[in-house]
Structures are given as C-alpha cells and as structure tokens.
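Report on one structure; see the data block that follows.
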Amino acid sequence: MLRVFRSKPKYVTVRSSAQQQPSKIDDDQPERAKKEVPDNLWARCEKCSTLIYNKEMEKTKHVCANCGYHFRIPALERLRFICDEDTYKPFTPLVATNPLGFPGYESKLEQTRINTRLDDAIVIGTTRIHGYATVLGIIDFSFFGGSMGSVVGEQLTRGFEYGIKHRLPVIVFSGGGGGARMQEGIFSLMQMAKTAQAVGKFKEAGLFYISILTHPTMGGIYASFSSLGDIILAEPNALIGFAGPRIVEETTRQKLPADFQTSEYALHNGMLDRIVTRGDMKDVIGKLLSYHLR
Amino acid sequence: MLRVFRSKPKYVTVRSSAQQQPSKIDDDQPERAKKEVPDNLWARCEKCSTLIYNKEMEKTKHVCANCGYHFRIPALERLRFICDEDTYKPFTPLVATNPLGFPGYESKLEQTRINTRLDDAIVIGTTRIHGYATVLGIIDFSFFGGSMGSVVGEQLTRGFEYGIKHRLPVIVFSGGGGGARMQEGIFSLMQMAKTAQAVGKFKEAGLFYISILTHPTMGGIYASFSSLGDIILAEPNALIGFAGPRIVEETTRQKLPADFQTSEYALHNGMLDRIVTRGDMKDVIGKLLSYHLR
Amino acid sequence: MSTVFEWEKPLVELEDKIKELRTFITDQGIDFSQELTELEHKAERLRKEIYEKLTPWQQVMMARHPKRPTTDDYVKLVFDDFIELHGDRTYRDDQAIIGGIGVFEGEPVTIIGPQKGRDTKENIARNFGLPHPEGYRKALRLMKQAERFHRPIIALIDVVGAYPGIEAEQRGQGLVIAECIEQMSFLKVPIICIITGEGGSGGALAIGVGDRILMFEHAWYSVISPEMCANILWKDSSRASEAASLLKLTPTYLLQFGIIDDVITEPLGGAHRDHNAMGLQLKAFLRRYLTEIRKIPIDELVAQRLNRFRQIGQFQERALPNLEKDGD
Amino acid sequence: MSTVFEWEKPLVELEDKIKELRTFITDQGIDFSQELTELEHKAERLRKEIYEKLTPWQQVMMARHPKRPTTDDYVKLVFDDFIELHGDRTYRDDQAIIGGIGVFEGEPVTIIGPQKGRDTKENIARNFGLPHPEGYRKALRLMKQAERFHRPIIALIDVVGAYPGIEAEQRGQGLVIAECIEQMSFLKVPIICIITGEGGSGGALAIGVGDRILMFEHAWYSVISPEMCANILWKDSSRASEAASLLKLTPTYLLQFGIIDDVITEPLGGAHRDHNAMGLQLKAFLRRYLTEIRKIPIDELVAQRLNRFRQIGQFQERALPNLEKDGD
Ligand SMILES: [Zn+2]
Ligand SMILES: [Zn+2]
C-alpha cells in the first residue's frame with residue numbers, strides 16, 4: 001500500500017465564520033493554501049459553526065455531521081475515499097518550470113512542494129473503483145489554489161491519452177480557485193485548449209468521462225476539461241463558476257443571490273447532472289461505471 | 001409564363017384597427033381566410049391605419065409605404081416577388097382526403113379550393129432565383145389558416161427529396177396560423193415528424209435550406225420544418241411562436257409583452273438569423289444562395 | 001378532482017356493498033357466501049360493461065386519473081436501478097421532464113419522460129408536467145448521451161402539451177420541439193416510445209419518435225387536446241367530450257391508422273387500480289419489443305424508423321392542374 | 001478617455017507645430033520649407049522612438065485606443081460583402097459578438113468576433129464588447145454552420161474577457177467557453193484567428209483555437225488582464241503597468257513562445273491612425289495564410305491544429321517520486 005494512505009489527514013481551514021455561503025475564493029488566489037492548519041484537534045464547521053473533533057472527521061470523510069457541510073480535503077485524502085485499496089498507481093511526476101521568468105515563482109513552487117508534499121496541483125494515476133479500472137485525477141487546492149499550469153494541463157492530457165490507449169474511463173475531481181496559474185501566463189491559458197482537446201479526442205474514442213466538481217471549481221478549470229464530462233457531478237455547496245464572486249460583485253455592483261455559484265445553483269440552472277455527497281460518491285461512481293463499461 | 005403571374009393580387013384583410021401589434025391569430029383557426037376581401041379599391045394599414053390605394057400596393061409588394069407594415073399576401077403573389085420570370089414549375093398537385101371522417105371537412109375543402117383557387121395550403125415547385133435553381137415552397141394562409149395536413153406534409157417532403165435528388169437548395173416560406181390541420185387529427189401531427197425528418201435527410205446530403213417565416217408562423221408549422229432552416233429569416237412584424245397568444249394569456253393570466261411573439265422578439269431572443277423586408281427578400285435570398293452554391 | 005368518475009359510480013357502489021357484506025360476514029359469522037358470489041359476478045359484468053365501452057372522453061378522463069401511475073412510478077416498477085440526471089447544460093433543470101439511466105433486465109437504458117406531480121406542491125415544482133424548452137433540451141441531451149454509449153432509449157410519454165407560457169415562448173418552445181423531433185429521428189440506438197397517459201400535440205411528439213410506439217389502453221394521443229379543439233370548433237371548451245370523439249384519439253383508432261404498434265392493456269378499471277400489475281404488464285411489453293428491435297442492425301432500424309413516418313399521410317393526386325385551368 | 005496618450009504628447013505637439021507652420025506658409029507665402037523638412041524629420045524620429053519602444057502597458061493602452069478600428073470596421077475594410085447572422089437559437093442574440101458570412105477575394109468565409117461600441121449608446125447595446133454565454137453559443141453555431149458548408153472561419157478577436165455578470169454565470173459562462181474551445185478544435189474547416197486588439201483570458205480563447213493565430217502589432221493576449229493580475233498580486237489595480245510587464249503579453253513574446261504564428265504590423269502610431277492602411281495590411285495577411293492553409297488536406301490540418309496545442313507547456317519530470325521519499 002502506498003504511504004499516502006497512511007498520511008495524516010490535514011484540515012484545510014479552521015475558521016469561526018458562521019456564514020451560510022461557501023467561503024469566498026479570491027480570483028487566481030494561490031495564497032489561500034497557507035491558511036491550512038494541519039494539526040488542530042478541533043475543526044469548526046464553516047457553515048453551522050459546530051466544533052468537530054478531528055478524529056470524528058475521518059469517519060465522516062470530513063463532512064459536518066450536523067449540517068452536511070463538506071470540508072475541503074487534500075487530494076491524497078480523497079484518493080483514500082475513492083480508490084479500491086492498494087490499486088492506485090501514480091503517473092510519472094512532473095514539476096513546473098518558470099516559462100515567463102515570473103519573479104519569485106520558482107522559490108514559491110519549491111516552498112509549496114515542501115509544504116504540501118505534492119509535485120503540483122494534481123494527483124493523477126490509475127486505480128480501481130469498485131473493481132473497475134480507471135484513470136483518476138484530483139486537483140488539490142492547497143497547491144497554488146488548485147490552478148492549472150503546464151503540469152496540470154500535461155498530466156490531465158496524459159490521463160486522457162492513457163485512457164484512450166488502454167480503453168479506460170477517466171474520472172477527474174476539480175477544485176481550483178481561480179483556474180489559471182497566473183505565474184505561467186499564456187502557457188496556463190493554453191492548457192485550457194490542450195485539456196479540452198484531450199477530452200474531445202477521448203470522447204471521439206467512445207470512452208466515458210466523469211467530471212466531479214468540488215469546492216471551488218472556478219475560472220479556467222471550470223471553463224475547460226471540468227465542464228466537458230459525459231456526466232458532471234458536484235459535491236454539495238461547492239463554489240462553481242467562471243468569474244469569481246468578488247469580480248462579479250465589483251463589475252455589476254449588484255447584490256449576489258444568496259446561493260450564487262453554489263452546486264445547488266448550478267444544478268438548478270441545468271449545469272450539473274447531480275449533486276452527490278462525499279459519503280455516496282464512490283458508490284455513485286461505481287454505478288455509473290457499471291452502466292458504461294459493458 | 002404561368003397564368004398565376006397574371007392573376008390579380010388579392011388583399012388579405014381590410015381592417016380599421018390601428019393596433020401596434022400584429023393581428024392576433026386564433027389558435028388553429030382556419031376561418032380567418034374568409035375575411036379576405038378580394039376586390040377593394042383601398043386597403044387600410046393594420047398598423048398605422050393609413051389608407052392605401054390598391055394599385056400602389058402592387059408597387060410596394062403590399063407593404064405600407066408609411067410604416068412598413070407587411071400585409072399578408074397569397075402564395076401565388078409571393079411567387080411573383082421571388083421567382084425569376086417564367087421559371088416556376090409546380091409539383092404534381094395533391095389534394096386532401098378525410099382520414100378521420102371529420103364532419104364537414106370534405107365540403108369545406110371543396111369550398112376553400114374554389115375560393116382560393118389552391119389545391120391545399122402550399123404552393124410548391126421548382127424555380128430560379130437570381131439565376132439559382134431551387135425548390136420553393138410557400139404556405140398560403142387563406143387555405144385553412146395555412147395549416148399542415150397530409151398534403152402540406154407530403155409536398156414539403158417531396159420538395160426536400162427533390163432537392164436531394166437534384167442537389168438543389170430548398171426555400172420555404174411559412175405562414176400557418178395554428179400549424180396543425182385539426183380535421184386531419186393525428187395525421188396532421190405526424191406531418192411534423194415527416195417534414196422534420198425530410199429536412200434531416202436533406203441536411204445529411206449537405207444541402208442548403210432557407211426557412212422564411214411570415215405572418216403568422218405558429219404551432220406545428222413553427223415546431224417542425226420551419227425551425228430547422230440552415231438560415232432562418234423572417235418578415236418584419238410577423239407573429240412567430242408555438243402556442244397562440246390567446247392561449248398563453250389564458251394559461252398564464254399574465255399580460256403579454258407588447259412585442260410578444262413578433263419577429264423582432266424572436267430575433268432578440270436568438271431564434272432568427274435576420275429580419276428581411278419583403279422588398280429586400282429576393283436579393284437576400286440570392287446572396288445567400290450565392291454563398292452556398294459554389 | 002374526484003377519484004371516482006360519474007360513470008363508475010354504479011360499480012363503486014356495488015363494490016362498496018360487497019365490502020360491507022364481507023365485513024358483515026366476518027363480524028357476524030353468518031353465511032352469505034351465495035349472495036356474495038352473485039354480487040361479485042354482477043360487479044364483474046358491470047366492470048366489463050363500463051370499462052370496455054368507454055367513450056373517447058371517458059378515455060381522456062381515465063388518462064388523467066389523479067391516482068394513475070406517473071412516470072417515476074413506472075421507473076420504480078419496471079427498472080432495477082435508476083440514476084436521475086439533470087439539466088439541459090444551457091439554462092435550467094426542468095422538473096417537468098425527468099431522465100436518467102436505468103437498468104432493464106440487466107442492461108442499461110436511458111429513460112426520459114414528462115413527470116406530473118402527485119400533490120399541489122409537487123405539481124408546482126413540476127409545472128403540472130408541462131415542459132419548458134429546457135425540459136426538451138434535457139431530454140435531447142440525455143438521448144444523445146444514450147446514443148454515444150449505445151444505450152436503448154425508453155420514452156414514457158404523459159403530457160397534455162408543451163407549456164404555453166411567456167418564458168417558454170421566449171426561449172423557443174417551437175424551435176426546440178422541432179430540434180427534438182429531427183434529432184431523435186436519426187439517433188443510432190433503438191427507441192421505444194410509450195404513451196402511458198396523455199399524448200398531447202407537439203409536446204408529446206417531441207419525444208415520441210421511435211422504432212416502436214406503444215400506447216396504454218386508457219391513454220390518448222392527439223394533434224390537439226379535446227378542450228382546445230372544442231374551443232376552436234364551437235368556442236366552447238365544455239364540449240370537449242364531442243371533440244374527443246371527432247379526434248379519434250384512442251389506441252383502437254391509432255392502431256388502425258398505423259400510428260402506433262400495439263396497445264398495452266391495463267388492469268380492469270385502469271392502471272390506477274393496480275400499479276404493480278400495470279408495472280408487470282409494461283415490463284412484459286418492453287421486454288418483448290426491446291428484444292425484437294435489438295436484433296435489427298442499427299442502420300436498418302433507423303431507416304425503418306424514418307420510413308415509418310415517411311408513409312404517414314392520406315392524400316390524392318389531382319388530375320388537372322388548377323392553375324392552367326382556372327387562371328383568368 | 002483622451003485619444004492622446006501621455007507618452008505621445010511630445011509627438012502630438014510637434015505634429016501640431018508642423019501643421020501650424022504649413023498653415024502659416026500657405027497663408028503668408030513665406031518660405032519655411034527647410035524648417036519644415038527639419039521638423040518633419042524630427043517627428044519621424046520621434047515617432048519611431050515612441051512606437052517602436054512601447055512598454056507592455058503602453059501596448060495595452062494602444063490596443064484599447066478609442067479610435068482603434070473595431071471588428072465591424074475590419075469586416076467592412078477587408079471583405080467584399082457581408083451578411084450578419086444573429087442569435088444562438090437558444091436564448092438571446094448577444095450583440096457583444098457579431099458573426100456572419102462574408103466574401104473574401106471571391107470566396108465565402110464565416111466571420112465571427114466580439115464587437116465593442118464606438119459610443120456610449122452602442123457600448124451599452126453591446127455590453128462594452130463583453131460577451132454573455134449566448135454570444136459564444138452564437139459563435140459556435142455559426143462556426144458549425146461554416147463547417148457544414150466547408151467555409152473557412154475568420155475569428156477577429158478583441159475582447160477583455162467574457163462578461164463577469166450574474167446572469168452570465170447563471171447561464172453557464174464557464175461551460176459554454178469550454179464547449180466552444182473543444183468544438184472549435186475539431187472543426188473540419190480552415191480557421192484563422194487574429195487578435196486585433198485585446199485578447200483577454202478564456203473569453204478570447206473561446207474563439208481562439210485555429211490553424212493560424214496571428215496578432216496585431218499593438219495587441220495583447222494574456223491569461224489575465226494586467227489590472228486583475230495587479231489586483232491579485234498587490235491588491236492594487238493601479239499597478240497594472242507592472243503586471244503587464246510580468247505577463248509577457250505582447251506579440252513579440254508570444255511569437256517567441258510559439259503561441260502565435262505571425263505579427264501583423266500596424267501603421268506607425270497604431271491602427272487608429274490609418275484604418276484603410278490597416279485594412280489592407282490585414283487583407284494581405286489573411287490572403288497569405290488562407291492560401292497557405294487551404295492547401296493542406298483538412299484532416300491533416302485538424303491534426304496539426306490539435307498537435308499545436310498538445311505541444312504547449314513547459315515542465316520537467318521529477319526524478320524521484322515524492323510520496324515514497326517523504327511519506328511519514
Ligand atoms: Zn456544520
Ligand atoms: Zn402603415
């Protein structure tokens with residue numbers, strides 16, 4: 001078994017806010033990850049403010065037992081919830097360069113790699129889910145806000161290509177705040193085209209792609225591969241959209257609807273197939289795979 | 001030259017109403033045609049109430065010179081405006097039967113055929129427009145409100161099939177009040193499928209179809225072949241929709257917007273490619289044919 | 001709306017009497033078994049008398065019976081598993097149409113169908129089962145998904161019509177119906193359409209183009225609802241009963257006209273009297289026709305589907321062209 | 001917004017002086033021709049000095065010059081004929097994107113592009129050239145129409161970004177951009193994309209997938225606008241100028257990165273100084289690249305298009321897997 005499955009869960013945010021809204025994500029904001037407090041004994045629910053003992057959180061898959069709030073979880077943690085035991089095999093790891101010579105990017109990358117123990121904002125490989133072999137990619141918000149630079153774009157593209165080659169389905173969990181990796185500039189933007197095209201080729205091959213949106217799925221992540229699933233699922237109460245809520249508010253000078261850009265809003269507006277709780281997710285995926293892999 | 005081009009124009013309605021709206025069409029109302037008054041010297045504009053000398057109307061193609069209101073015109077009249085001279089050749093004429101044994105349908109058909117000098121609600125054949133050979137069909141409102149029974153459905157289907165066989169474009173002017181020929185019941189409904197499928201096969205063959213909506217294009221006419229044009233044009237201020245405005249008003253108990261179901265409304269709502277005046281219509285069609293027939 | 005129709009009353013009274021008698025027998029221990037048998041025979045005769053000679057308007061009423069199973073009832077009764085999928089990916093999730101993937105005897109199928117509510121609250125959420133354009137767009141999206149994955153499509157149709165509302169018109173009700181009809185016609189998967197209740201106009205046809213078109217015994221299918229037809233003919237919706245007769249909207253006629261392929265018989269007295277029996281019956285018909293059309297190569301099946309509609313229509317060639325004859 | 005930028009002022013003053021001198025010569029008949037020649041040489045030098053060494057932020061300003069030609073200007077300048085086609089057939093005709101069929105040197109092409117207004121009234125109608133989802137849906141519809149009839153597509157791109165509004169989000173701005181990008185990638189017709197002014201983020205890329213991607217000399221193309229970048233980096237939009245430099249959003253860099261294929265030079269001082277000359281220049285580039293890609297068999301062209309984007313990205317393989325190494 002890979003060590004990742006034994007690593008301690010890290011809690012993403014411990015906040016005292018009792019807001020009903022999902023926490024606002026700054027556009028293209030990679031700083032958020034710093035707020036993680038890995039070793040707290042207690043977490044406070046962002047929605048209902050209930051204090052939850054961290055040991056309890058493991059059992060509930062980091063869902064508030066009181067109100068159903070889904071805490072953001074690291075990609076490696078999600079692997080445990082989704083993969084059949086001992087079946088996950090990661091792809092060749094890739095790391096970012098600094099194509100624009102963006103000041104401070106390299107050192108920040110280095111620091112983030114150390115802090116998160118991730119290579120970049122994606123964890124991707126092959127696995128089995130309820131026995132079905134599949135490619136599985138998971139965006140991790142703690143790495144530059146889950147933004148898509150060259151590494152995320154390349155890894156996803158390789159994921160779809162691997163799927164084509166081995167006739168496997170692809171499942172991707174998205175969760176990127178601003179979508180774009182600003183520091184990689186135009187290279188980041190082009191990953192939208194690259195991944196969308198990878199999905200297109202994958203579909204041409206007649207294969208099955210489930211896209212799952214988790215809090216938050218915004219910007220260039222939402223406006224490319226993650227909107228192109230044959231089936232699009234979302235966790236409850238995730239923030240899903242293109243423009244960040246702050247930008248929308250500033251641009252329109254309008255009060256945003258209470259449920260603006262939530263999963264529930266996206267479902268109502270016809271953009272999602274279903275909202276699935278974290279507890280049900282593996283079984284729903286298994287069911288969908290069983291329908292599509294005969 | 002076919003005699004039709006020498007037949008006197010018949011004016012569709014002479015009314016004193018000064019309403020800004022196009023005249024409301026009763027749902028599936030085939031009686032309207034009776035109101036035609038063929039031999040008036042003067043017509044009164046339905047929109048601006050201007051009195052127009054009928055001789056003048058011929059020059060303006062039955063468009064009010066004062067406000068641009070487009071009078072409803074018989075199909076045979078429209079042929080003159082659209083076809084290159086001496087080029088129109090009608091298809092084999094078909095006449096309706098009474099498949100449901102609907103009381104009074106046969107005698108009413110007989111009477112309508114005499115009154116309108118038409119076989120059914122469609123005039124269809126081959127012609128040239130600015131030199132381009134094409135299939136041309138025109139729905140005539142004066143025949144059972146321009147509704148689609150078996151004859152209209154069959155003739156349109158033959159039109160598209162002729163287009164496939166001879167690699168010709170198809171142009172259809174729609175103008176049916178309720179869409180369905182109630183007296184033919186389920187047979188009328190099925191013509192929607194039949195014509196939509198004819199369009200589908202025609203498109204599969206890579207050919208070009210212009211649908212032109214004239215006042216009124218409603219119900220089953222709008223919800224089948226006439227919504228399926230590669231290009232959809234409309235005359236100004238035509239009534240275009242699925243449910244009749246009276247039904248919508250009764251069902252919703254809401255006041256209808258002032259421009260409800262007009263061409264302008266359909267254009268604004270993204271349902272039309274362009275609004276084209278009767279005066280420009282032939283040239284626009286010619287231009288579109290030139291782009292698509294190389 | 002009462003759940004007992006006027007014409008059913010003698011039967012219902014008799015049935016009540018039988019129930020009473022049974023209670024009496026149980027309570028008092030007196031032997032009335034002969035009387036009971038007699039009454040039951042009488043009820044049986046009456047039932048046949050009433051339900052086998054329904055007028056077209058009574059048919060329409062049966063199709064609208066408030067206890068009649070709705071689409072999601074059939075989904076539960078007939079399929080082993082079902083996952084509902086939502087949304088048109090454009091504007092809205094229209095709850096007046098449901099759709100998703102189900103398992104029919106071990107094989108995945110795509111199921112779509114208008115969904116009426118069972119109470120006021122649900123009826124409001126589902127707009128009384130009257131779809132907006134986005135409902136049809138959802139159905140079309142799911143049907144194309146089915147095609148992509150070679151799943152047969154089952155359309156369960158029970159709809160008075162597409163919703164005649166301002167927003168529905170604004171968002172292209174007519175256009176979307178046309179697109180549904182056209183695109184459904186060419187889908188390279190087997191399609192079975194079943195009119196389970198009401199089959200009203202373009203709103204039904206939009207999801208009604210299939211390889212086999214079946215109809216429940218007490219369903220109706222028509223170019224226009226009887227009420228609207230009466231409204232047009234006599235400016236009087238209350239004469240719907242007469243209009244229903246004129247429209248020939250019952251399965252018997254439609255079978256005769258070649259519009260439908262088969263009639264799915266209902267439990268005596270209507271589907272609402274025995275949901276489970278109705279489910280089993282539907283299952284049997286689905287099995288039979290799905291097995292049948294699955295055997296046909298898909299290109300041939302689509303060609304047959306198109307040819308079927310191509311043939312519908314009654315007309316005659318006119319001997320002499322009017323134009324030459326009558327021109328002045 | 002003034003039509004003279006700060007850094008242009010010395011030049012504009014000099015040009016004004018020359019104009020004055022000319023008037024003086026004409027009016028007074030005195031010979032100042034030597035002085036005039038000298039001033040004109042000076043102006044020439046100054047012009048080169050200014051416009052050939054624009055900072056990235058000045059580039060952005062140039063791209064936003066209020067007198068800069070807009071999409072419909074190029075349509076008029078470059079194409080012999082044009083018929084605008086409207087609507088997404090779903091929800092709205094978005095006037096922030098125009099599209100239609102034009103004739104380029106005798107051949108029909110489909111043209112699409114965001115359209116800014118030239119005055120406040122037009123800007124309101126066109127939402128300042130910021131498209132809603134229906135604008136992208138219209139563009140996609142017209143591009144698919146082009147494919148059906150084997151017409152090349154010319155995308156003229158000048159857009160700060162997709163509109164960040166409530167309704168735009170509601171109607172799936174992100175989803176529609178993704179669909180545009182994906183579907184444009186596979187269209188079996190030649191596509192030329194030209195960034196004529198601003199190329200902002202996904203709103204530009206949505207119609208920016210082509211076989212040749214060209215860029216005007218004073219245009220910019222970036223993953224994020226400099227203002228928004230500055231806002232994120234320093235919480236200070238006014239430092240956009242610094243952000244513009246960091247983003248490397250000018251054609252020179254983008255050519256170097258292999259993102260674009262060529263730079264279309266502008267009249268000295270910018271396209272707004274001579275619309276006609278700019279039109280001729282655009283026409284020449286279009287002719288050249290359209291001729292070039294028309295020769296390539298369409299399947300190969302699409303394969304090349306996909307391969308082009310497949311190659312974009314810079315990364316390294318990491319030698320040792322982190323997980324095994326660092327696990328606790
Ligand atoms: Zn909670
Ligand atoms: Zn007038």
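A note on names: the letters A, B, ... follow the listed sequences, proteins ahead of strands, and every chain is numbered from 1. Small disclaimer: the values here were computed from a predicted structure and weren't measured.
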Chain D heavy atoms under 4.5 Å from Ser224(A): which part of the residue, side chain, backbone, both or neither?
backbone
Find the one option among Ile177(D), Val209(D), Val176(D), Asn231(D) whose heavy-atom pairs under 4.5 Å with chain A are most numerous.
Ile177(D)
Using heavy-atom distances under 4.5 Å, tell me whether Tyr222(A) contacts chain D through its side chain, its backbone, both, or neither.
both
When Ser185(D), Gly161(D), Ala162(D), Gly208(D) are compared by non-hydrogen pairs under 4.5 Å with chain A, the top option
Ser185(D)
Pick one of side chain, backbone, both or neither for Leu228(A), based on which atoms fall under 4.5 Å of a heavy atom in chain D.
side chain
Using a strict threshold of under 4.0 Å (side-chain N to carboxylate O), is an ion pair present between Glu154(A) and Arg158(A)?
yes
Can we say Lys116(D) and Asp158(D) salt-bridge, meaning some charged N sits less than 4.0 Å from an Asp/Glu carboxylate O?
yes
What part of Lys201(A) gets closer than 4.5 Å to chain D, counting heavy atoms only: side chain, backbone, both or neither?
both
Looking only at heavy atoms, the pair that brings Met184(D) and Ala155(D) closest together is CE-CB, 4.4 Å
Less than 4.0 Å between a side-chain N and a carboxylate O, is that true for Arg113(A) and Asp119(A)?
no
Check ion pair Glu161(A)-Lys165(A) (N to O, under 4.0 angstrom)
no
Residues forming a salt bridge (Lys or Arg N to Asp or Glu O under 4.0 Å) with Asp211(D), sequence neighbours excluded:
Arg305(D)
Do NZ/NE/NH1/NH2 and the carboxylate oxygens of Arg80(A) and Glu77(A) come within less than 4.0 Å?
yes
Which residues, numbered in order, of residues 249-256 of chain D come under 4.5 angstrom of chain A by heavy-atom distance?
Leu254(D)
By salt bridge (Lys or Arg N to Asp or Glu O under 4.0 Å), Asp94(D) pairs with (sequence neighbours left out) none
Parallel, tilted or perpendicular, as decided by the 30° and 60° cut-offs, for the rings of Tyr162(A) and Phe91(A)
tilted
Which region of Gln191(A), side chain (C-beta onward) or backbone (N, CA, C, O), has a non-hydrogen atom less than 4.5 Å from a non-hydrogen atom of chain D, or is it both or neither?
side chain
Report yes or no: do Ser150(A) and Glu184(A) form a side-chain donor-acceptor pair below 3.5 Å?
yes
Expected contact set for residues 163-174 of chain D against chain A at heavy-atom separation under 4.5 Å reads Tyr163(D), Pro164(D), Gly165(D), Ile166(D), Glu169(D), Gln170(D), Arg171(D), Gly172(D), Gln173(D), Gly174(D)
